[in-house]
Undergrad: 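What follows is a single structure, and I will ask about it in a moment.
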Amino acid sequence: MPSNYNPLEIEPKWQQKWAEDNLYRVTEDSSKPKWYALTMFPYTSGDLHIGHWYAMAPSDVHARFKRMQGYNVIHPMGFDAFGLPAENAAMNHGIHPYDWTMKNVDNMRRQLKTIGAIYDWEREVITCLPDYYRWTQWFFLRLYKAGLAYRAKAPVNWCPKCQVVLANEQVANGGCWRCETQVIRRDLEQWFFRITRYADELMQHEGLDWPERIKTMQKNWVGKSQGAEIHFIIENPVTGEEKVKVFTTRPDTVFGITYLVLAPEHPLVEKLTTPDRQAEVNAYVESARRRTDIERLSAEQEKDGVFTGAYATNLVNGEKVPVWVADYVLLSYGTGIVMGVPAHDERDFAFATKYDIPIKMVISLPGWQGEELDAAYIDEGTMVNSGQFDGMSSDEARSRIVDYLAKKGWGNYAVTYRLRDWLVSRQRYWGAPIPMVYCDRCGIVPVEENDLPVLLPTDIRFSPTGESPLRHHQAFLNTTCPQCKAPAKRETDTMDTFMCSSWYFLCYTSPDYDNGPFDEEKMKYWMPVDLYTGGAEHAVMHLFYSRFFTKALRDMGLVDFDEPFLKLFNQGTVIVDHQKMSKSRGNVINPDHYVSTLGADVVRIYLMFVAPWEQGGDWNDSGISGISRWLNRVWNLTLENYQPADKPEAGKEKEFERVLHQTINKVTQDIDNIHFNTMISALMELTNYLAKIKESSSVRRENWDGAIRSILLMLAPSAPHFAEELWHQSGYPYSIHNQSWPKWDKEKAKDEEITLVVQVNGKVKTRINLPADISRDEAVKAVMESERVHSSIADKEIADVIYVPGKIVNLVVR
RNA sequence: GCCGGGGUGGCGGAAUGGCAGACGCAGCGGACUUAAAAUCCGCCGGAGUAAAAUCCGUGUGGGUUCGACUCCCACCCCCGGCACCA
């Protein structure tokens with residue numbers, strides 16, 4: 001009697017053996033095609049939860065599959081180790097961020113090793129170590145030298161709880177992406193990366209196999225609008241004339257302008273407001289400033305504003321229109337000034353109605369007789385009240401009017417983006433220091449590349465307010481100017497951690513390289529990433545920044561590709577009891593418990609089986625026993641003695657080979673297409689079939705052994721320990737993970753007999769078995785001879801016969 | 001409001017124009033056992049029947065088709081993203 005399947009015994013055993021043998025060590029090999037399989041590295045939060053397993057186990061299965069298919073597979077793992085939670089832990093528990101982070105790394109690495117993945121731990125990357133952040137800083141300097149990093153004062157998002165600024169991408173629904181606290185506006189001097197320079201390219205995803213959803217999100221985030229910039233002259237009785245520009249996508253409505261609006265923060269507000277309006281305007285601007293973004297940006301919010309007392313001249317018709325201030329206009333978009341066309345814009349209509357501003361129709365809808373509008377007409381129509389453009393279609397007038405403005409010098413075509421530059425400075429300690437120095441004489445001076453890294457000091461004290469300890473660390477703060485050697489001050493802000501994750505995939509290709517961020521030859525061998533998997537929440541953060549980073553590096557000549565990630569796959573989310581997992585809900589599932597009772601292989605397979613990977617699913621351990629049961633069945637089928645029949649049946653053996661090869665094909669296709677749940681069920685079906693065959697002993701030993709060998713090979717990526725153990729016990733040479741993926745034989749998989757479904761008027765009446773290569777006439781003849789068909793048709797007339805070879809015969813009767 | 005994704009047995013899901021419910025969980029019945037667990041075998045959408053036949057059934061209503069879970073139109077609900085972007 002063979003031993004029972006005991007994962008707790010075999011899993012540590014093989015993990016240790018694989019590690020000793022460096023089975024998964026990977027180096028460049030020009031004799032094989034390379035495959036870079038990357039899973040988003042985890043943040044060092046402390047514990048791996050089941051969601052991490054859901055990200056990592058299936059991607060390891062795919063990588064192992066590619067490996068068995070003959071690819072030279074790199075599938076690295078590391079840690080995103082800088083970030084705010086480490087600092088919060090420091091303040092709450094008095095533990096140093098470094099110690100907190102490295103303790104978590106140790107624990108998570110231990111947990112990760114229990115997955116049984118093919119990670120080559122020699123390539124591990126930890127972003128908070130000086131060997132790594134030295135090059136993060138180096139990239140900052142290179143971006144600075146390329147004119148892509150600059151310092152500017154700007155209204156920025158400030159999270160009062162995290163005591164830090166946030167990039168636009170890191171604000172969701174007006175709240176901080178980490179703690180959901182409402183962000184407020186602050187005017188601060190900050191470092192920015194010119195991501196907007198790549199706006200057009202970032203909207204393009206040509207040649208990328210990415211989910212449509214992510215591509216759309218990125219396109220919308222860039223938010224390119226084509227339109228026109230139109231000039232106006234604003235007169236103020238005291239300050240005189242001021243030429244301003246507005247951006248519009250509807251230059252065809254320019255004759256319908258009845259007012260202009262400035263954003264409350266617009267610098268011209270103060271200048272343009274007439275003395276008698278000053279008090280009211282000031283009060284309004286103040287109240288707008290105090291409102292949170294969420295209040296200001298809510299579409300339901302009633303539009304309000306104040307008149308500045310100034311008037312602007314609409315150059316196309318010489319009309320003078322009032323200039324207002326209203327907070328439905330955003331300073332950050334376009335020019336921060338909007339032309340008000342109430343007749344043809346919903347927001348302007350609401351605003352004009354509220355303040356009795358005239359509504360002037362310039363595009364007539366079909367059948368319009370001059371009656372008043374009860375809502376803005378925003379569609380196309382015929383131009384009216386528009387001088388020489390009357391009678392033209394609004395569509396045509398759009399370009400004709402801009403051409404006219406351009407000729408007169410009153411405006412021109414223009415493009416505006418929603419995308420803003422990437423704000424990268426953070427007022428926190430636990431990040432890569434920005435390698436810049438402020439010198440009274442020389443101004444802003446970059447640290448010399450040779451002087452990197454600018455080390456984070458470790459002897460720090462946190463203040464209870466959350467203010468960065470770097471600001472008061474004299475030894476860090478005081479330095480000399482790299483240029484003039486005079487005493488100077490260091491930048492105390494650190495970099496957004498998304499900067500660290502924008503190049504970690506490059507570092508994996510040569511983690512020990514000292515003379516640069518990566519070894520160019522090795523990087524060229526492995527990059528770009530062939531399959532990148534992770535959560536969709538990074539659509540306009542990490543994925544977006546990494547693309548920008550890659551393009552910037554390409555333009556500096558550091559890399560020779562345009563895109564870092566060729567194929568992107570987003571797995572779904574694991575939820576628990578129909579709720580998101582979170583510490584606050586107390587429903588975080590720790591995989592250790594399952595691994596230490598049922599084994600890693602069972603958890604790996606259960607996660608794949610429970611739902612399509614892209615969909616995600618409810619973690620409900622009631623079904624997990626089915627996986628243990630299944631592996632036990634395979635275990636016993638493999639190790640129990642198979643007694644072949646004295647006289648094997650030729651037909652059975654053909655069927656046996658057919659089932660096996662159809663399964664090999666199905667499993668291969670399914671892994672390739674990332675359909676892990678149906679891949680597992682195909683293997684289960686094969687198991688059920690093998691159990692029946694074993695019962696009837698109807699095939700020869702060599703057929704049986706071949707099938708067992710194939711099913712073990714097909715199980716190897718999913719259940720690496722289990723398959724290795726059975727491979728070993730079956731007497732095959734170590735290791736199953738160095739074997740080739742089984743090939744399917746098309747001839748053997750071919751059906752000899754087909755089951756033809758017989759329908760009458762589309763309703764299934766019966767099914768008949770026929771040879772696979774039967775002709776239409778013969779098939780129909782066989783159908784007509786069937787008893788069931790006779791009784792269903794009775795004496796009705798057959799009007800038509802639909803025949804789909806190998807599938808169906810449908811008799812249409814009247 | 002706009003843009004995606006989705007709605008199928010008691011449950012997770014399968015089938016993307018051709019047998020709805022593969023595979024698994026739970027449940028029910030049986031074998032083995034002194035008994036239980038484990039294991040093995042069988043049943044398992046609803047109505048209907050002695051058993052069949054038959055009818056109904058993939059969120060709702062319509063349509064296209066010989067044939068629709070699958071395609072088209074309208075609507076309802078759930079999830080995700082964006083949201084005064086001029």
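All values reported here derive from a predicted model rather than from experimental measurement. So that the names make sense, note that chain A is the first sequence line, chain B the second, and so on, each numbered from 1.
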Undergrad: Mapping A:Gly762 and A:Ser622 onto RNA chain B by nearest heavy atom, which one lands closer to the 5' end?
TA: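 Closer to the 5' end of RNA chain B: A:Ser622.
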Undergrad: Taking the side chain of A:Pro612 as heavy atoms from C-beta outward, which of B:G13, B:A86, B:C19 is closest to it?
TA: B:G13
Undergrad: Looking only at atom C1', what distance separates B:G67 and B:G18, rounded to whole Å?
TA: 7 Å
Undergrad: Using atom NZ of A:Lys666 as one end and atom P of B:C23 as the other, report the distance to the nearest whole Å.
TA: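 Result: 12 Å.
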Undergrad: With respect to the side chain of A:Ser225, which nucleotide from B:C84, B:A86, B:C25 is positioned closest?
TA: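 Selected nucleotide: B:A86.
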Undergrad: For B:G57 and B:G46, measure between their C1' atoms and round to the nearest Å.
TA: 7 Å
Undergrad: Using a heavy-atom cut-off of under 4.0 Å over every strand shown, decide if A:Val812 touches base, sugar-phosphate, or nothing.
TA: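 The answer is sugar-phosphate, as A:Val812 gets under 4.0 Å only of primed atoms, P, OP1 or OP2.
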Undergrad: What is the distance, to the nearest angstrom, from the CE atom on A:Met217 to the P atom on B:G5?
TA: 11 Å
Undergrad: Within the 4.0 Å heavy-atom criterion, would you say A:Glu685 contacts the bases, only the backbone, or no part of the nucleic acid?
TA: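 The residue A:Glu685 makes sugar-phosphate contact but no base contact.
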Undergrad: Taking any heavy-atom pair under 4.0 Å as a contact, classify A:Gly334: base, sugar-phosphate, or nothing.
TA: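 No contact.
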Undergrad: Taking any strand in view, what nucleotide pairs with B:A31 in a Watson-Crick or G-U wobble way, both distances under 3.5 Å?
TA: B:U39
Undergrad: Side chains of A:Glu380 and A:Ser394 only: does a donor on one sit below 3.5 Å from an acceptor on the other?
TA: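 A donor-acceptor contact under 3.5 Å links the two side chains.
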Undergrad: Whole-Å distance between B:C23 P and A:Ile711 CD1?
TA: 15 Å
Undergrad: Rounded to whole angstroms, how far apart are CD1 on A:Ile808 and P on B:U65?
TA: 18 Å
Undergrad: Can you measure A:Trp221 atom CH2 to B:G81 atom P for me and round it to whole angstrom units?
TA: 12 Å
Undergrad: What contact category does A:Asp348 fall into here, base, sugar-phosphate, or nothing, at under 4.0 angstrom with non-hydrogen atoms?
TA: nothing
Undergrad: Could you please spell out the steps behind the ring-ring contact (aromatic ring centres under 6.0 Å, His included) verdict for A:Phe722 and A:Trp630?
TA: CA-CA 12 Å; A:Phe722 173 88; A:Trp630 172 50; 7.8 Å; no
Undergrad: The side chain of A:Thr755 is closest to which nucleotide in this list: B:A26, B:A86, B:C19?
TA: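 For A:Thr755, the side-chain atoms sit closest to B:C19.
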Undergrad: Which residue lies toward the 5' end of RNA chain B, A:Gly617 or A:Lys692, if each is placed at its nearest nucleotide?
TA: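 The residue closer to the strand's 5' end, by nearest nucleotide, is A:Gly617.
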Undergrad: Pick base, sugar-phosphate or nothing for A:Val757, based on heavy-atom distances below 4.0 Å to the nucleic acid.
TA: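 Contact class for A:Val757: base.
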Undergrad: Is the phosphate of B:C19, meaning OP1 or OP2, less than 4.0 Å from a side-chain N or O of A:Gln759?
TA: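 It does not, given that no N or O in the side chain of A:Gln759 lies less than 4.0 Å from OP1 or OP2 of B:C19.
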Undergrad: For B:C66, which nucleotide is its Watson-Crick or G-U wobble mate, given both distances must be under 3.5 Å?
TA: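 WC or wobble partner is B:G18.
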Undergrad: Base, sugar-phosphate or nothing for A:Glu614? Non-hydrogen atoms, less than 4.0 Å.
TA: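 Nothing, no nucleic acid heavy atom in range.
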Undergrad: Scan every strand shown for a Watson-Crick or G-U wobble partner of B:G9, both distances under 3.5 Å, and answer none if you come up empty.
TA: none
Undergrad: With a 4.0 Å cutoff (strictly under), does any side-chain N or O of A:Arg629 reach OP1 or OP2 of B:C25?
TA: yes
Undergrad: Using atom P of each nucleotide, how far apart are B:U70 and B:G62 to the nearest Å?
TA: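 So the two P atoms sit 14 Å from each other.
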Undergrad: Closest to the A:Thr678 side chain: B:A14, B:C84, B:C66?
TA: B:A14
Undergrad: Using a heavy-atom cut-off of under 4.0 Å over every strand shown, decide if A:Val804 touches base, sugar-phosphate, or nothing.
TA: base
Undergrad: Without decimals, in angstroms, what is the distance between A:Arg633 CZ and B:C40 C1'?
TA: 9 Å
Undergrad: Can you see if the side chain of A:Asn688 gets near the phosphate of B:A22 - specifically, an N or O under 4.0 Å from OP1 or OP2?
TA: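 Answer is no, no contact under 4.0 Å.
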Undergrad: Looking only at side-chain atoms of A:Asn677, point me to the closest of B:G13, B:G24, B:C85.
TA: B:G13
Undergrad: Which label fits B:G30, syn or anti, where anti is any glycosidic angle not within 90° of 0?
TA: anti
Undergrad: Honestly, is A:Arg547 close enough over A:Trp210, meaning NZ or CZ under 6.0 Å from the six-membered ring centre and within 45° of the axis?
TA: yes
Undergrad: Between A:Trp324 and A:Phe351, does the ring centroid distance fall short of 6.0 Å?
TA: yes
Undergrad: Using whole Å, report how far CG of A:Leu330 lies from P of B:C84.
TA: 7 Å
Undergrad: I want to verify a distance call: between B:C84, B:U54, B:A22, whose nearest atom is closest to the A:Ser681 side chain?
TA: B:A22
Undergrad: Write down the distance separating the C1' atoms in B:A51 and B:A14, rounded off to the nearest Å.
TA: 31 Å
Undergrad: Once you apply a heavy-atom cut-off of 4.0 Å, does A:Asn810 come out as touching a base, just sugar-phosphate, or nothing?
TA: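 Here A:Asn810 touches the bases of the nucleic acid.
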Undergrad: To the nearest Å, how far apart are A:Asp618 CG and B:C79 C1'?
TA: 13 Å
Undergrad: Has A:Lys763 got a side-chain N or O lying under 4.0 Å from the OP1 or OP2 atom of B:C56?
TA: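 The answer is yes; a side-chain N or O of A:Lys763 sits under 4.0 Å from OP1 or OP2.
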Undergrad: Does A:Arg604 make a cation-pi contact with A:Trp53 (under 6.0 Å, within 45 degrees of the axis)?
TA: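 So A:Arg604 doesn't make the cation-pi contact.
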Undergrad: Can you tell me which nucleotide in B:A22, B:C85, B:A86 comes closest to the side chain of A:Arg347?
TA: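 Looking only at side-chain atoms, A:Arg347 lies closest to B:C85.
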Undergrad: Does A:Lys360 come within less than 4.0 Å of A:Glu319, counting only side-chain N to carboxylate O?
TA: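 Salt bridge present between A:Lys360 and A:Glu319.
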Undergrad: Taking the six-membered ring for Trp, are A:Trp613 and A:Tyr54 parallel (under 30°), tilted (30 to 60°) or perpendicular (over 60°)?
TA: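 Plane angle over 60°, so perpendicular.
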Undergrad: Examine B:A83: is either OP1 or OP2 under 4.0 Å from a nitrogen or oxygen in the side chain of A:Arg418? Give yes or no.
TA: yes
Undergrad: Are A:Tyr606 and A:Trp619 close enough that their ring centres sit under 6.0 Å apart?
TA: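 Yes, the ring of A:Tyr606 comes within the 6.0 Å limit of the ring of A:Trp619, centre to centre.
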